[in-house]
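Reading through the structure tokens given below for one structure.
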Amino acid sequence: MATATITELPAWKALSDHYQKIDRLHLRELFAQDPRRGERLTVEAAGLYLDYSKNRITDETIALLLQLAEQAGLHARIDAMFGGEKINVSENRAVLHVALRAPKEQSILVDGEDVVPGVHRVLDRMTTFSNRVRSGAWRGHTGKPIRNIVNIGIGGSDLGPVMAYEALKHYSDRAMTFRFVSNVDGTDFAEAIRDLDPAGTLFIVSSKTFTTLETMTNARSARTWSLSGLGGDEASVAKHFVAVSTNAKEVTSFGIDAANMFGFWDWVGGRYSMDSAIGLSTMLAIGPDNFRIMLAGFHEIDEHFRTAPFERNMPVLMGLLAIWHNNFFGAQTVAVLPYEQYLKRFPAYLQQLTMESNGKHVTLEGDALGYDTGPVYWGEPGTNGQHSFYQLIHQGTRLIPCDFIAFHKTLNRLGEQHDMLLANVFAQGEALAFGKTADEVRAEGSPDWLVPHRVFEGNRPSNTILLEQLTPATLGKLVALYEHSVFTQGVIWHIDSFDQWGVELGKVLAQRIIPELTNEAESKFCHDSSTNALIRRHRTFREQPR
Ligand code: G6Q
């Protein structure tokens with residue numbers, strides 16, 4: 001698309017008119033009119049099944065949304081991403097997380113250089129290292145095998161690794177302990193190491209830039225803790241610290257041997273990096289073979305996204321439905337509700353993927369937008385959410401589209417519990433769509449005064465994503481599905497989904513205040529009166545004895 005705003009595209013205008021017609025249509029009518037709707041409005045790809053029939057759409061809606069994708073130039077943008085073009089315009093970078101899971105024989109050029117061999121070289125080094133640690137061949141400074149892994153990182157260098165570790169715990173080596181430290185709050189580090197033996201503990205310092213305040217501070221605390229537990233011998237650092245970074249210079253100056261550094265590249269965004277060397281903790285937990293199976297899962301969806309016609313393209317359809325809810329129904333949030341306990345960190349992971357990518361206020365050319373971009377993502381694993389915030393989704397005044405995610409087979413069969421779990425997820429989608437009318441409530445014997453309280457208006461949209469079982473491959477597929485749905489939305493909104501200037505701001509702001517809190521002498525503070533007063537108050541309290 002040229003620089004014309006998306007709201008001027010014929011398909012956008014047609015969708016606005018169409019919205020006026022369909023806004024009052026109830027899902028009850030839509031399902032009654034078409035008995036096969038629940039089978040028709042579905043798509044299956046790479047073992048994933050998406051039922052999108054419970055959205056407030058007709059065939060015309062889908063046709064118009066597909067036209068919107070065409071008119072916004074989605075085909076060309078997909079080709080540009082997979083072709084290594086510098087589509088991250090504000091940072092002048094290619095966006096090639098898809099290269100991280102490309103098979104050896106594929107070639108992807110950036111500035112004339114094929115990046116795939118480099119990806120496989122790093123994977124091979126990670127494999128050798130992981131095998132040595134897992135087998136006990138890699139010994140700590142005192143000769144003890146490493147049994148505890150602590151990943152130190154934040155944002156994209158933390159959320160993916162934690163989520164993947166939790167998601168794939170079933171496949172992990174249970175003789176090893178995995179901890180993740182991210183917050184600059186010293187409690188995070190203190191609690192992570194309190195029961196660990198330094199002689200059997202390896203730290204992975206994960207930071208693309210190797211300059212992030214939180215990570216470098218925690219890494220220094222880890223170094224002090226490790227050294228003091230190992231008799232202060234600097235030579236021990238080489239056995240207990242490895243780094244994952246793009247910044248070899250900073251890694252070496254921190255004291256980590258470059259031989260113990262696993263690299264990646266500036267074309268991997270932090271929130272798209274769990275399948276790069278940033279996933280070293282994942283590989284250590286589940287083993288190199290499972291890690292490669294996960295990458296193959298990612299790749300299957302990459303290929304589906306790149307080649308499937310849009311009307312059968314799962315990430316494209318999900319992305320377009322997200323636009324429909326966001327820009328036409330004015331929905332401000334999306335709830336992601338995995339009915340799988342191992343995916344408990346998946347909503348937190350998705351928050352970064354979606355909101356850091358599409359929380360943008362200007363177009364690719366830097367012009368102010370006249371429409372909303374990324375909604376707020378949030379969620380909890382089912383069924384827990386049902387006993388708290390689902391009330392608002394069912395009967396509140398806001399429209400909250402939901403993504404339900406469930407697996408046919410459990411990894412922990414306990415009597416009929418898994419069928420109960422699935423019964424819950426199906427029942428929630430059904431209740432949200434169809435609700436309960438006043439007549440139905442009355443027929444149940446409710447007195448008149450209670451009827452309004454017990455009515456569910458329904459007509460609340462949801463997607464249901466079903467997979468066979470949670471495995472390394474299905475996790476890869478699920479993450480890639482959302483990555484490409486986010487990409488689709490960003491293309492339609494004509495924004496840069498791959499920069500994060502809001503995060504960069506946070507990285508510098510605190511630096512200015514740190515010395516003002518800790519300097520002995522009270523200098524003149526030059527902030528606003530509120531910030532100045534907060535600084536003074538903290539200085540007073542921090543100096544008082546406990
Ligand atoms: C992700 C962001 C951000 C980043 C962290 C950590 O896309 O860029 O979350 O991952 O700020 O950065 P480092 O890996 O450089 O420490």
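One-based numbering, in listed order, for ligands and for the atoms of each. Excluded from the calculations below are hydrogen atoms, water molecules and symmetry mates; all remaining heavy atoms, backbone and side chain alike, are included.
Considering only non-hydrogen protein atoms, atom 7 (O) of ligand 1 sits nearest to Arg271 NH1, 2.7 Å. In terms of protein heavy atoms, atom 15 (O) of ligand 1 is closest to Thr209 OG1, 2.6 Å. Here the protein heavy atom with the shortest distance to atom 9 (O) of ligand 1 is Gln352 NE2, 2.7 Å. Atom 12 (O) of ligand 1 has Lys507 NZ, 3.2 Å as its closest protein atom, hydrogens excluded (heavy atom only). Nearest protein neighbour of atom 6 (C) of ligand 1, counting heavy atoms only, is Ile154 O, 3.1 Å.
Using a 4.0 Å cut-off between charged side-chain N and carboxylate O, Asp195 and Arg179 make a salt bridge. Here Arg77 does not pair with Glu85 in a salt bridge; the nearest charged N to carboxylate O distance is not below 4.0 Å.
Checked by distance only, ligand 1 and Gly156 come closer than 3.5 Å through their nitrogen or oxygen atoms. Between Lys208 and ligand 1, an N or O atom pair is found at a separation short of 3.5 Å. Among the atoms of Glu356, some N or O lies under 3.5 angstrom from an N or O of ligand 1. The distance criterion of under 3.5 Å between nitrogen or oxygen atoms is not met by Thr215 with respect to ligand 1.
Atoms of ligand 1 found under 4.0 Å from any heavy atom of Thr212 (numbered from 1 in listed order, with element): 12 (O), 13 (P), 15 (O), 16 (O). Of all atoms in ligand 1, numbered sequentially from 1 with element shown, those under 4.0 Å from a heavy atom of Ser207 are 13 (P), 14 (O), 15 (O), 16 (O). Near Gly270, meaning under 4.0 Å from one of its heavy atoms, ligand 1 places the atoms 1 (C), 7 (O), 10 (O).
Looking at residues two or more places apart in sequence or on another chain, you find no ring pair (Phe, Tyr, Trp, His ring centres under 6.0 Å) involving Phe189. For Phe310, the ring pair (Phe, Tyr, Trp, His ring centres under 6.0 Å) partners two or more places apart in sequence, or in a different chain, are His75.
For the pair Ala331 and Asn326, the tightest heavy-atom approach, listed with the atom from each and the gap, is O-OD1, 3.4 Å. When all heavy atoms of Val251 and Ala243 are compared, the closest pair comes out as CG1-CB, 3.7 Å.
Checked against the 6.0 Å centroid threshold, Phe498 and Trp267 do not count as a close aromatic pair. Ring centers of Tyr349 and Tyr482: at least 6.0 Å apart, outside the cut-off. Ring pair Phe407/Tyr339: centre-to-centre distance not below 6.0 Å.
The closest approach between any non-hydrogen atom of Glu214 and ligand 1 is not below 4.0 Å.
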